[in-house]
Amino acid sequence: MSVPAATAPDPSMPPSHKSSTVLLWLARLKPDTFTLLLVGTVALASVLPAKGGMIGVANGATDVAVFLLFFLYGARLSREAVIGGLTQWRLHLLVTLCTFVLFPLVGLALKPLVNLDILTPDLYLGVLFLCTLPSTVQSSIAFTSIAGGNVAAAICSASASNLLGMVVTPVLVGLLLSKAGAGFSADALTSVFVQLLLPFVLGQVLRGRIGGWVARNKKVLGPVDRASILLVVYGAFSHAVNEGIWHQLDAASLLKVVLVDGALLALILVITTLVSRRLHLSRPDEIAVVFCGSKKSLVSGIPMANVLFAGHAVGMIVLPLMLFHQIQLMVCAVLARRYAASHPPGYVAAE
């Protein structure tokens with residue numbers, strides 16, 4: 001697929017062409033609908049947080065929503081897609097190492113930012129948590145496809161990353177938080193397996209019976225995913241607002257988190273690109289590694305944070321992830337179009 005690159009307007013263009021190019025360029029920086037809904041949910045929780053008896057209701061609804069989210073994810077995820085891509089072991093190993101080794105090591109290296117007053121301890125925990133998460137599925141595959149990469153490999157790597165993340169992320173969180181000097185209870189690991197892994201496994205077990213129905217009703221079930229995440233965000237930020245998050249966080253702190261997230265993403269994109277070329281991977285495989293190895297899943301991350309950090313300032317901890325989500329979408333959309341525009345004549349993307 002050939003898509004024009006998202007470049008800045010050429011000063012030599014005629015005024016009419018220049019303004020249309022500017023509008024196109026700005027449109028690509030527009031937040032996606034889900035991000036706008038997240039912002040709206042945070043605003044709602046800031047104005048009308050759950051209080052008193054409503055806290056128990058919100059927590060109960062959140063538990064049900066998270067169970068349903070991971071059950072449906074288990075029912076939808078194709079085991080064949082993961083098994084079928086095991087032959088490209090170098091590519092998948094590289095994506096896994098980027099996701100669960102490189103990212104966490106970079107996260108640990110960012111600890112001095114707390115001593116420099118660039119990040120608060122809770123925001124740093126959020127960045128560290130972000131570094132332990134699995135890759136996204138939908139956006140990794142979509143950007144790989146737009147860029148003309150190896151779509152089949154992207155499906156396998158992103159799916160395998162999410163399967164591994166169900167076990168690896170909680171373990172990494174426990175290890176990294178102890179390194180960072182933050183407390184972490186073993187009960188949190190048990191909660192993850194009961195609230196997240198159990199419904200996922202149940203969905204996989206029942207996939208043979210309900211998988212077809214789930215696939216046929218994507219348009220109906222899609223909003224369930226988003227509603228689940230929004231409900232978790234509302235509960236997390238209600239607690240954070242009750243604890244005074246907006247008295248602890250100002251515009252300067254938000255800007256610092258954006259800059260740290262942006263620098264983190266840029267570093268990983270550069271490393272995945274250079275390592276792919278150093279290993280002489282084909283161009284389609286390089287594209288799959290770049291897009292699968294640099295993403296972090298908001299869909300998996302927010303429910304996990306809600307379970308793992310119960311009793312902590314969850315709203316503050318998930319804030320870096322929410323910002324990273326939007327940054328990765330904007331940056332990777334531009335990068336995918338640049339890849340697509342730079343394909344040699346007669347190029348055919350791997351499927």
Side-chain angles (χ1 to χ4, degrees), residues 1-6 28 32 34 72-100 133-165 204 207 211-212 214-216 218-219 221-222 225 265 268-269 271-277 279-300 325 328-351:
M1 179 185 295
S2 178
V3 183
R28 287 169 181 166
D32 67 313
F34 188 41
L72 290 175
Y73 189 70
R76 280 193 305 235
L77 187 60
S78 171
R79 284 163 283 181
E80 292 78 10
V82 179
I83 296 172
L86 292 179
T87 54
Q88 295 176 293
W89 64 270
R90 281 204 312 166
L91 185 152
H92 302 314
L93 178 61
L94 184 53
V95 170
T96 301
L97 290 175
C98 288
T99 304
F100 295 118
L133 292 171
S135 179
T136 62
V137 177
Q138 291 90 343
S139 62
S140 293
I141 296 168
F143 287 134
T144 299
S145 176
I146 291 171
N150 190 334
V151 176
I155 293 172
C156 297
S157 284
S159 300
S161 176
N162 276 260
L163 285 171
L164 285 172
Q204 281 279 291
R207 175 176 165 76
V214 170
R216 289 191 301 271
K218 282 184 179 179
K219 291 185 179 180
L221 297 176
D225 287 352
L265 177 60
I268 300 299
L269 286 172
I271 292 175
T272 51
T273 302
L274 293 179
V275 172
S276 297
R277 293 176 182 177
L279 294 176
H280 304 293
L281 296 183
S282 66
R283 183 185 177 90
D285 286 355
E286 173 193 320
I287 291 171
V289 169
V290 168
F291 288 114
C292 294
S294 63
K295 296 285 189 310
K296 289 298 178 178
S297 175
L298 182 78
V299 174
S300 298
H325 167 78
Q328 72 182 6
L329 289 180
M330 292 191 299
V331 171
C332 289
V334 173
L335 183 60
R337 291 181 173 95
R338 285 188 177 275
Y339 264 121
S342 63
H343 286 319
Y347 175 82
V348 178
E351 293 296 335

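Because the structure is predicted, anything quoted here is derived from the model rather than measured.
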Peer 1: List in chain and number order the residues that pass side-chain contact (heavy atoms from CB on, under 4.5 Å) with Thr272, two or more places apart in sequence or in another chain; answer none if no residue qualifies.
Peer 2: Cys98, Ile268, Val289, Val290
Peer 1: Determine whether Ile287 and Asn150 make a side-chain contact, defined as any pair of heavy atoms from C-beta on separated by less than 4.5 Å.
Peer 2: no
Peer 1: Could you check whether any side-chain heavy atom of Leu269 comes within less than 4.5 Å of a side-chain heavy atom of Val331, counting everything from C-beta outward?
Peer 2: yes
Peer 1: Any heavy-atom pair between the side chains of Leu265 and Ser294 that's under 4.5 Å?
Peer 2: yes
Peer 1: Can Cys332 and Lys295 be said to form a side-chain contact (heavy atoms from CB on, under 4.5 Å), step by step?
Peer 2: CA-CA 9 Å; Cys332 289; Lys295 296 285 189 310; 3.2 Å; yes
Peer 1: What residues form a side-chain hydrogen bond (donor to acceptor under 3.5 Å, both in side chains) with Ser276, not counting sequence neighbours?
Peer 2: none
Peer 1: Please name all residues satisfying side-chain contact (heavy atoms from CB on, under 4.5 Å) with Ile271, sequence neighbours left out, ordered by chain then number.
Peer 2: Leu102, Leu267, Val275
Peer 1: Look only at the side chain of Arg283 and the backbone of Gly148, and say whether a donor-acceptor pair between them is shorter than 3.5 Å.
Peer 2: no
Peer 1: Restricting to side-chain hydrogen bond (donor to acceptor under 3.5 Å, both in side chains), what partner residues turn up for Ser135, sequence neighbours left out?
Peer 2: Ser140
Peer 1: What's the spacing between Asp285 CG and Leu94 CG if we round to 0.5 Å?
Peer 2: 10.0 Å
Peer 1: My understanding is that only residues two or more places apart in sequence, or in another chain, count here; which of them pass side-chain hydrogen bond (donor to acceptor under 3.5 Å, both in side chains) with Thr99?
Peer 2: none
Peer 1: Quick check: do Phe143 and Leu329 have side-chain heavy atoms less than 4.5 Å from each other?
Peer 2: yes
Peer 1: Kindly compute the distance separating CG (Leu133) from OG (Ser300), expressed to the nearest 0.5 Å.
Peer 2: 7.5 Å
Peer 1: Check the pair Ser139 / His325 against side-chain contact (heavy atoms from CB on, under 4.5 Å), numbers first and verdict last.
Peer 2: CA-CA 10 Å; Ser139 62; His325 167 78; over 6 Å; no
Peer 1: Nearest 0.5 Å, what's the CD1-CD1 distance between Ile141 and Ile146?
Peer 2: 12.0 Å
Peer 1: With a 4.5 Å cut-off on side-chain heavy atoms, are Phe291 and Leu335 touching?
Peer 2: yes
Peer 1: Does the Ser157 side chain pair with the main chain of Ala154, one donor and one acceptor, at a distance under 3.5 Å?
Peer 2: no
Peer 1: For His92 versus Cys156, what's the shortest heavy-atom pair and its separation?
Peer 2: CE1-CB, 3.6 Å
Peer 1: side-chain hydrogen bond (donor to acceptor under 3.5 Å, both in side chains) with Gln328: which residues, sequence neighbours excluded?
Peer 2: none
